[in-house]
Engineer: 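Here you go, one structure.
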Amino acid sequence: MKSLIVTGGASGLGRAIARSASEKGYRVGALDVDGDALEKTASELDNVVPLEASVTCIEEIYDAVSEFGETPDVWVNNAGIVRFAPLLELSIDDWKAVVDVNLTGTFICSKVAAEAMSERGSGSIINITSINGISAGTNSGAYGATKSGISLLTQQMSLEWGKLGLRINAIAPGLIDGGMSEPIYADSHFRKLRTEKVPLGRLGTEDNIADAVLFLASEEAHYITGHELVVDGGIINSIIANLPRPSSVDSVGLDEN
Ligand SMILES: NC(=O)c1ccc[n+]([C@@H]2O[C@H](COP(=O)([O-])OP(=O)(O)OC[C@H]3O[C@@H](n4cnc5c(N)ncnc54)[C@H](O)[C@@H]3O)[C@@H](O)[C@H]2O)c1
């Protein structure tokens, strides 16, 4: 039986990844700092072991892996937090908290996972980034900087750990109707405005991200490493399309004919 550990597994995208992996026959470890939410999630899902730990503490991560009792085949770095503020108003404490959980947490967990996986000579690490790490967004400077950092870390890990038998990839979710974005989409006005911007005309679901994780973890993806898979209904490509242009400007440059 293959096994998978997902950080931030108690809620949102992490819970969906845990559920989907368990349905596909994985033995799953859901690792989260929120013990109550974790117990609830583990009690609702089959084959899911609750692992209470913070991704910011390497000793807790080592303990969580030994509590799980085996080196997982797949490690998903999904735990993440966001603190919205314009950069000039963002406190250093909030900046550090976001960097600590998102970026340092991803490095700590990847290091622990890679040490164990390299002994076996195989493993897959999947990092959850965001389209916010590809393009700057409103009041999300700290968050975007960490997600961009995770993208580069994904490339670096794939470069260094390929020869150890490990594949490292990332998934950049777009506008997802769930998890930390629930309060945004609970507001019907903003829900409509945002949905209209997505080329596919709908918001993404937690399961869309879980499906992408299970694909990158699968044999079908065995030659894919260092890749960031954008799962966003096309919105990252729509930035220029949203810029207004006078209809009188229909061609520019010399007509050579
Ligand atoms: N929901 C979205 O719209 C969206 C879009 C793009 C990217 N993402 C990314 O997806 C990932 C999951 O987000 P979500 O929307 O499910 O959020 P969420 O808030 O629902 O879940 C995050 C989970 O991480 C856990 N967590 C926080 N700090 C932790 C720590 N130090 N150690 C262990 N666990 C910790 C929380 O307890 C929570 O269970 C994040 O990395 C987020 O940046 C989400």
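Counting from 1, the numbers follow the sequence of the chain as shown. Counting starts at 1 for both ligands and their atoms, in listed order. What you are looking at is a predicted structure, and each value in this text was computed from that prediction instead of being measured.
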Engineer: Short question: side chain of Glu67, backbone of Leu51 - any donor-acceptor pair under 3.5 Å?
Structural biologist: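 Not at all, since once roles are kept as given, no pair shorter than 3.5 Å links the two residues.
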Engineer: Which protein non-hydrogen atom lies closest to atom 32 (N) of ligand 1, naming both residue and atom, and how far is it?
Structural biologist: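 In this structure, atom 32 (N) of ligand 1 has Val55 N, 3.0 Å as its nearest protein heavy atom.
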Engineer: For the hydrophobic clusters of this structure (ILVMFWY residues joined by side-chain heavy atoms under 4.5 Å, transitively), does one cluster hold both Ile128 and Tyr26?
Structural biologist: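 Yes, it is one cluster - the side chains of Ile128 and Tyr26 are joined through contacts under 4.5 Å.
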Engineer: Would you call Thr129 a ligand 1 contact, heavy-atom distance under 4.0 Å?
Structural biologist: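 Heavy atoms of Thr129 do come under 4.0 Å of ligand 1.
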Engineer: Could you say whether the N/O atoms of Ser54 and ligand 1 ever approach to under 3.5 Å?
Structural biologist: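 Ser54 vs ligand 1: N/O contact under 3.5 Å present.
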Engineer: Which atoms form the tightest heavy-atom contact between Gly80 and Asn102, and what is the distance?
Structural biologist: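 So the two residues come closest at CA-OD1, 3.3 Å.
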Engineer: Check the hydrophobic clustering (I, L, V, M, F, W, Y; side-chain heavy atoms under 4.5 Å; chains of links allowed) and say if Ile150 and Ile134 are grouped together.
Structural biologist: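 Unlinked, Ile150 and Ile134 end up in two clusters.
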Engineer: Contact between Ser110 and Asn77 at the side-chain level, heavy atoms closer than 4.5 Å - yes or no?
Structural biologist: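 They are in contact (side-chain heavy atoms under 4.5 Å apart), so the answer is yes.
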Engineer: Looking at atom 21 (O) of ligand 1, what's its closest protein heavy atom, distance included?
Structural biologist: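 Nearest neighbour among protein heavy atoms for atom 21 (O) of ligand 1, to 0.1 Å: Ser11 OG, 3.3 Å.
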Engineer: Between Val101 and ligand 1, does any nitrogen or oxygen pair lie at a separation below 3.5 Å?
Structural biologist: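 No; every N/O pair is 3.5 Å or more apart.
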Engineer: Nearest heavy-atom pair of Leu90 and Trp95: which atoms, and what distance?
Structural biologist: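 The pair with the smallest heavy-atom distance is CD2-CE3, 3.8 Å.
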Engineer: Could you tell me if the side chain of Glu115 sits less than 4.5 Å from the side chain of Glu119, heavy atoms only?
Structural biologist: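 A side-chain contact is absent here, since even the closest heavy-atom pair is not under 4.5 Å.
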Engineer: Should Ser130 be counted as touching ligand 1, given the test is an N or O pair under 3.5 Å?
Structural biologist: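 Between Ser130 and ligand 1, no N or O pair is found under 3.5 Å apart.
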Engineer: Name the closest protein heavy atom to atom 2 (C) of ligand 1, giving the residue it belongs to and the distance to 0.1 Å.
Structural biologist: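 Scanning the protein heavy atoms, the shortest distance from atom 2 (C) of ligand 1 goes to Ser181 OG, 3.3 Å.
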Engineer: For ligand 1, which atoms have a heavy atom of Gly179 less than 4.0 angstrom away?
Structural biologist: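 Taking each heavy atom of Gly179 in turn, ligand 1 has 14 (P), 15 (O), 16 (O), 20 (O) under 4.0 Å.
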Engineer: Looking at ligand 1, does any of its N/O atoms fall within less than 3.5 Å of an N/O of Thr56?
Structural biologist: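 N/O-N/O distance under 3.5 Å: no.
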Engineer: Identify, by atom number and element, the atoms of ligand 1 in contact range of Asp34, meaning under 4.0 Å from any of its heavy atoms.
Structural biologist: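 Those of ligand 1 that fall under 4.0 Å from Asp34 are 37 (O).
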Engineer: Taking 4.0 angstrom as the limit and counting only heavy atoms of Gly12, give me the atoms of ligand 1 inside it, by number and element.
Structural biologist: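 Reading through ligand 1 atom by atom, the close ones are 16 (O), 20 (O).
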Engineer: For atom 43 (O) of ligand 1, grab the closest protein heavy atom and report residue, atom and distance to one decimal in Å.
Structural biologist: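 Checking every protein heavy atom, the shortest distance to atom 43 (O) of ligand 1 gives Tyr143 OH, 2.5 Å.
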Engineer: Quick test of your reading: applying side-chain hydrogen bond (donor to acceptor under 3.5 Å, both in side chains), list the pairs with at least one residue in residues 162-177, sequence neighbours left out, ordered by first then second residue.
Structural biologist: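 Listed once each, the pairs are Asp177-Arg191.
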Engineer: Within a distance under 4.0 Å of any heavy atom of Gly178, pick out the atoms of ligand 1 and give their elements.
Structural biologist: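 Matching atoms, with element in brackets: 1 (N).
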Engineer: Heavy-atom distances under 4.0 Å are what count here, so tell me which part of Ala53 touches ligand 1: side chain, backbone, both or neither.
Structural biologist: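 It is the backbone that gets close, since no side chain atom is under 4.0 Å.
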Engineer: Of all the heavy atoms in Gly105, does at least one lie under 4.0 Å from an atom in ligand 1?
Structural biologist: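 In this structure, Gly105 fails to qualify as a contact of ligand 1 - no heavy atom is under 4.0 Å.
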Engineer: Any heavy-atom pair between the side chains of Ile171 and Ile126 that's under 4.5 Å?
Structural biologist: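 Yes. Closest side-chain heavy atoms under 4.5 Å.
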Engineer: Does some side-chain heavy atom of Arg19 sit less than 4.5 Å from a side-chain heavy atom of Val48?
Structural biologist: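 With C-beta onward as the side chain, the pair stays apart.
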Engineer: Compute the shortest N/O to N/O distance between Gly174 and ligand 1 and return yes if it is under 3.5 Å, no if not.
Structural biologist: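 No - when backbone and side-chain N and O of Gly174 are compared with those of ligand 1, no distance drops under 3.5 Å.
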Engineer: Relative to the heavy atoms of Asn78, which atoms of ligand 1 are at a distance of less than 4.0 Å?
Structural biologist: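 Close to Asn78: 10 (O), 11 (C), 12 (C), 40 (C), 41 (O).
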Engineer: Determine whether Leu153 and Ile168 satisfy the following criterion, side chain to side chain contact (heavy atoms under 4.5 Å, CB included), listing intermediate values before the conclusion.
Structural biologist: CA-CA 9 Å; Leu153 186 60; Ile168 297 90; over 6 Å; no
Engineer: For Gly201 and Thr195, which heavy atoms make the closest approach, and how far apart are they?
Structural biologist: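 Between these two residues, the closest heavy atoms are O-CG2, 3.5 Å.
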Engineer: Which pairs count as side-chain hydrogen bond (donor to acceptor under 3.5 Å, both in side chains) when at least one residue sits in residues 34-53, sequence neighbours excluded?
Structural biologist: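 Residue pairs with at least one partner in residues 34-53: Lys40-Glu44.
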Engineer: With no hydrogens and no angle check, just 3.5 Å: does a side-chain donor-acceptor pair link Thr106 and Asn127?
Structural biologist: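 No, no side-chain donor-acceptor pair sits under 3.5 Å.
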Engineer: Among all the protein's non-hydrogen atoms, which is closest to atom 24 (O) of ligand 1, and how far away is it?
Structural biologist: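 Checking every protein heavy atom, the shortest distance to atom 24 (O) of ligand 1 gives Gly8 CA, 3.4 Å.
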Engineer: For atom 13 (O) of ligand 1, grab the closest protein heavy atom and report residue, atom and distance to one decimal in Å.
Structural biologist: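 Scanning the protein heavy atoms, the shortest distance from atom 13 (O) of ligand 1 goes to Met180 CE, 3.8 Å.
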Engineer: Using heavy-atom distances, let me know which of Val33, Thr41, Thr7 sits nearest atom 33 (C) of ligand 1.
Structural biologist: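 Closest candidate by heavy-atom distance is Val33.
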Engineer: Side chain or backbone, does Ala10 bring an N or O within less than 3.5 Å of an N or O on ligand 1?
Structural biologist: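 No, since none of the N or O atoms of Ala10 sits under 3.5 Å from an N or O of ligand 1.
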Engineer: Please state which part of Lys147 comes within less than 4.0 Å of ligand 1, counting heavy atoms only: side chain, backbone, both or neither.
Structural biologist: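 The side chain, only.
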Engineer: Counting only nitrogen or oxygen atoms and a 3.5 angstrom limit, does Gly14 reach ligand 1?
Structural biologist: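 Min N/O separation from ligand 1 is not below 3.5 Å for Gly14.
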Engineer: Identify, for atom 16 (O) of ligand 1, the protein heavy atom at the shortest distance, and state residue, atom and that distance.
Structural biologist: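 Sorting protein heavy atoms by distance from atom 16 (O) of ligand 1 puts Leu13 N, 2.8 Å first.
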Engineer: Among all protein heavy atoms, pick out the one at the shortest distance from atom 39 (O) of ligand 1; state its residue, atom name and that distance to 0.1 Å.
Structural biologist: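 Checking every protein heavy atom, the shortest distance to atom 39 (O) of ligand 1 gives Asp32 OD2, 2.7 Å.
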Engineer: Compare every heavy atom of Ile125 with every heavy atom of Trp161, then report the nearest pair and how far apart it is.
Structural biologist: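 It is CZ3-CD1, 4.0 Å.
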